[in-house]
Amino acid sequence: MFVSDILAAKSRPLITAVVDTSIPEAMALLLKHRISCLLVIDDQQRLAGLVSDKDIFRLVYEEPKGFMSHTVGDVMTKKLFTALPSDPLHHVAALMTTHRIRHIPVVDNDRAIGLVSIGDVVKAQLDSMEFENRHLRKYIDGDYPA
């Protein structure tokens with residue numbers, strides 16, 4: 001399975017923010033769409049970073065009276081691990097595990113085209129195991145057309 005397979009199975013559009021999106025606006029987007037991070041794009045539609053609910057939570061904790069004057073550009077993660085649509089899923093899973101991250105942006109020519117979450121990876125792996133188990137059961141039962 002490849003990253004492109006994960007993206008093809010997703011039904012919701014990619015939710016993004018621009019670098020100067022205010023923290024309250026970002027919070028509203030996260031809550032409205034029931035997501036835990038936003039890809040941040042620059043004025044040329046290139047990937048600039050990623051801001052997560054944890055980034056915002058940390059800012060609110062550190063600056064309880066001043067967080068509302070910040071933008072996502074102030075708190076976003078700029079050094080990102082990214083994936084290509086052609087990357088195998090096990091590569092993305094290894095990146096997430098090794099670096100303890102929950103989301104990996106998918107890029108094509110420096111443009112953000114999708115986002116793969118740890119939940120997407122787990123679901124894809126479960127679906128794959130279920131498919132394999134079904135065929136193995138048929139084989140054991142003698143129903144396999146081989």
Side-chain angles (χ1 to χ4, degrees), residues 1-140:
M1 179 167 281
F2 296 93
V3 169
S4 58
D5 299 321
I6 298 279
L7 295 182
K10 288 186 160 221
S11 59
R12 71 170 45 177
L14 183 62
I15 309 299
T16 62
V18 292
V19 176
D20 62 351
T21 299
S22 72
I23 293 299
E25 289 174 301
M27 293 166 78
L29 282 170
L30 293 171
L31 291 169
K32 176 182 177 184
H33 296 285
R34 301 182 70 192
I35 55 178
S36 59
C37 75
L38 295 166
L39 292 182
V40 182
I41 54 175
D42 65 15
D43 55 356
Q44 311 234 326
Q45 302 297 310
R46 291 179 305 219
L47 182 62
L50 182 145
V51 64
S52 71
D53 52 0
K54 286 184 177 183
D55 296 326
I56 294 172
F57 186 77
R58 188 176 303 110
L59 174 66
V60 171
Y61 177 77
E62 291 171 355
E63 295 189 40
K65 294 187 175 150
F67 76 90
M68 293 188 68
S69 64
H70 285 274
T71 66
V72 295
D74 298 333
V75 297
M76 70 183 182
T77 301
K78 295 175 185 167
K79 291 186 178 185
L80 300 172
F81 293 96
T82 61
L84 299 171
S86 59
D87 284 339
L89 188 59
H90 66 83
H91 170 71
V92 172
L95 279 175
M96 290 177 165
T97 302
T98 301
H99 300 286
R100 299 181 52 88
I101 53 178
R102 300 180 296 159
H103 302 93
I104 294 193
V106 182
V107 296
D108 188 18
N109 294 324
D110 292 328
R111 303 266 192 266
I113 61 167
L115 183 69
V116 175
S117 72
I118 192 71
D120 296 329
V121 172
V122 169
K123 181 184 181 318
Q125 289 175 335
L126 286 173
D127 290 348
S128 177
M129 286 189 322
E130 183 180 313
F131 178 80
E132 185 177 336
N133 285 342
R134 187 173 343 119
H135 286 284
L136 287 172
R137 276 191 230 109
K138 284 186 174 190
Y139 178 77
I140 291 169

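Just so you know, residue 1 is the first one in the sequence shown, and it goes up from there. Side-chain atoms are counted along with the backbone in the values below, which use heavy atoms only and exclude waters and symmetry mates.
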With a 4.5 Å cut-off on side-chain heavy atoms, are [Y] and [X] touching?
| X | Y | answer |
| --- | --- | --- |
| L30 | L38 | yes |
| M1 | I6 | yes |
| I15 | K32 | no |

Rounded distance (nearest 0.5 Å) linking atom [atom1] of [X] with atom [atom2] of [Y]:
| X | Y | atom1 | atom2 | value |
| --- | --- | --- | --- | --- |
| R111 | L47 | CZ | CG | 11.0 Å |
| S4 | D108 | OG | CG | 11.0 Å |
| T71 | I23 | OG1 | CD1 | 6.5 Å |
| I56 | D74 | CD1 | CG | 11.5 Å |
| M68 | E25 | CE | CD | 10.0 Å |
| L14 | H33 | CG | NE2 | 10.5 Å |

Minimum-distance pair of heavy atoms, taken over all atoms of [X] and [Y]:
| X | Y | value |
| --- | --- | --- |
| G114 | L39 | O-CD1, 3.6 Å |
| V19 | V72 | O-CG2, 3.5 Å |
| A83 | V92 | CB-CG2, 3.9 Å |
| K78 | G73 | CE-O, 4.0 Å |
| L59 | F67 | CG-CB, 3.8 Å |
| F81 | I101 | CD1-CD1, 3.9 Å |

Chi angles and distances behind the side chain to side chain contact (heavy atoms under 4.5 Å, CB included) call for L50, L115: CA-CA 10 Å; L50 182 145; L115 183 69; 4.1 Å; yes
Side chain to side chain contact (heavy atoms under 4.5 Å, CB included) evaluation trace for V3 with H91: CA-CA 9 Å; V3 169; H91 170 71; over 6 Å; no
Passing option when C37 is tested against H103, R102, K54 for side-chain contact (heavy atoms from CB on, under 4.5 Å): H103
side-chain hydrogen bond (donor to acceptor under 3.5 Å, both in side chains) involving K10 - partner list, sequence neighbours excluded: D120
D42 side chain vs Q44 backbone, donor-acceptor pair below 3.5 Å: yes
T21 side chain vs V18 backbone, donor-acceptor pair below 3.5 Å: yes
Stepwise side chain to side chain contact (heavy atoms under 4.5 Å, CB included) test for R58 and V75: CA-CA 9 Å; R58 188 176 303 110; V75 297; over 6 Å; no
V121 vs L89, side chain to side chain contact (heavy atoms under 4.5 Å, CB included): CA-CA, chis, key distance, verdict: CA-CA 7 Å; V121 172; L89 188 59; 3.9 Å; yes
